[in-house]
Amino acid sequence: MKKRTKRVYFRAAIFMLVGTLVGCAGNKDEKSIEEATSEANRNSSIEEATGKTDGGSAIKEVTSKTDESPSRKEATSKTDESLSRKEATSKTDKSSSSTELKQSDTADKGDISSEKSVDENSNSKVSKKEDKKTLSDYSSKQIEYARIWLQLGPNQEIDELNVRHISAGEPVNIYDDTSANYPKDVVTLEGSRSVDGSVTYSSNGNGTINVYNVPSHWSSSAQVDKDFMKNYTEDIIRNTKLVHVDPGEDKKIIELINILNVH
């Protein structure tokens, strides 16, 4: 019986010891579990904190990028506006330059037109003054020269009308010593070219003239007989032609007066 009781106590003691040991082990395991859990929570908190920090940085970066984007947009917009203003200014300057050039050209054309207008008006006034002029504005000699050429001149298309006065006693042919001399003062009218011909006359002072049939060209003395030129010039003086001078057209007479060149 005692042995059984001992055995029972012994077993109970063993169970208690085992239980104690198990309890201690359990406490340790619990502590380990708690420590592990605590460490896990700490790690989780750290990760969360780190995540939040990273997230904050990311948010800040995103925010910064977001903030930078409007700034860039604003900068780009300002740059575009600046370029647009420069282009507008350039276009305005070009337009202004073009306008100024056009205005300058228009002004120049206007000046030229004005000058032309002034010249035309001036010429017109001169022409009108000339048109208004009458024969009474000229001397009787000028009218006489013009009327005689208008009536007897071989060529009416001349650029000038030369008038030469030859005194009485001068030879008819100045190139020949045997030439006869003019008995009175004469006048020779001729153009600027030999082809225009000439008119030699003496005035009677009554509206008539004596016309001398003097040639435009003289033959050389070597080409004619000894007394040929003497006889020929004497014949010119003896055979003058009496001509009544016509009044002629006033306008044409004035035109001839305007090209008179009296020597």
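Owing to the predicted nature of the structure, the values given are computational and were not obtained by experimental measurement. These values consider heavy atoms only, across backbone and side chains, with no hydrogens, waters or symmetry-generated copies.
Between the side chain of Asn204 and the backbone N or O of Asn206 there is no donor-acceptor pair closer than 3.5 Å. At least one donor-acceptor pair under 3.5 Å links the side chain of Trp149 to the backbone N or O of Asn155. Between the side chain of Ser179 and the backbone N or O of Val172 there is at least one donor-acceptor pair closer than 3.5 Å. Judged by distance alone, the side chain of Glu170 and the main-chain N or O of Asp185 form no donor-acceptor pair under 3.5 Å.
Using a 4.5 Å heavy-atom threshold, the side chains of Ile148 and Val199 count as touching. Using a 4.5 Å heavy-atom threshold, the side chains of Thr178 and Asp227 count as separate. Between Tyr232 and Trp218, the closest side-chain pair of non-hydrogen atoms falls below 4.5 Å. Proximity of Ile143 to Ile257: side-chain heavy atoms (C-beta onward) are separated by under 4.5 Å at one or more points.
For the atom pair Tyr175 OH and Met229 CE, the distance stands at 11.5 Å (nearest 0.5 Å). Note that CD of Gln142 is 10.5 Å distant from CG of Leu135, once rounded to the nearest 0.5 Å. One finds the CG atom of Leu256 at 11.0 Å from the CD atom of Glu249 (value rounded to the nearest 0.5 Å). In this structure, CD1 on Ile209 lies 10.0 Å from OG1 on Thr200, to the nearest 0.5 angstrom. Taking CD1 of Ile158 as the start and OG of Ser192 as the end, the distance is 7.5 Å to the nearest 0.5 Å. How far CD1 of Ile236 is from OH of Tyr182: 7.0 Å, rounded to the nearest 0.5 Å.
Of all heavy-atom pairs between Gly205 and Ser203, the closest is N-OG, 3.2 Å. Nearest heavy-atom pair, Gly197 versus Pro154, reported as atom, atom and distance to 0.1 Å: CA-CG, 3.9 Å. Across Thr134 and Ser136, no two heavy atoms sit closer than the pair OG1-OG, 2.6 Å. Asn162 approaches Gly191 most closely through the heavy-atom pair ND2-O, 3.4 Å. Scanning all heavy atoms of the two residues, the minimum distance from His263 to His165 falls at O-ND1, 3.9 Å. Taking all atoms of both residues into account, the shortest heavy-atom contact from Ser198 to Glu190 is CB-CB, 3.9 Å.
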Passes side chain to side chain contact (heavy atoms under 4.5 Å, CB included), Val163 versus Asn261? Steps please. CA-CA 6 Å; Val163 182; Asn261 186 14; over 6 Å; no
Test side chain to side chain contact (heavy atoms under 4.5 Å, CB included) on Val262 and Lys141 and set out the steps. CA-CA 11 Å; Val262 181; Lys141 285 297 182 181; over 6 Å; no
Atom pairs and distances, donor-acceptor, side-chain atoms in residues 239-246, under 3.5 Å, two or more places apart:
{"from": "Asn239", "atom 1": "ND2", "to": "Asp235", "atom 2": "O", "distance (Å)": "2.8"}
{"from": "Asn239", "atom 1": "ND2", "to": "Asp235", "atom 2": "OD1", "distance (Å)": "2.6"}

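With sequence neighbours excluded, the residues satisfying side chain to side chain contact (heavy atoms under 4.5 Å, CB included) with Pro247 are Arg147. When the side chain to side chain contact (heavy atoms under 4.5 Å, CB included) test is applied to Glu234, the partners found at least two apart in sequence or on another chain are Ala180, Lys230, Asn231, Arg238.
Annotation for Asn213: atom CG does not count as buried by contact number, only 12 or fewer foreign heavy atoms lying within 6.0 Å.
By the criterion of side-chain heavy atoms lying less than 4.5 angstrom apart, applied directly or through intervening Ile, Leu, Val, Met, Phe, Trp or Tyr residues, Ile174 is grouped together with Tyr212 in one hydrophobic cluster.
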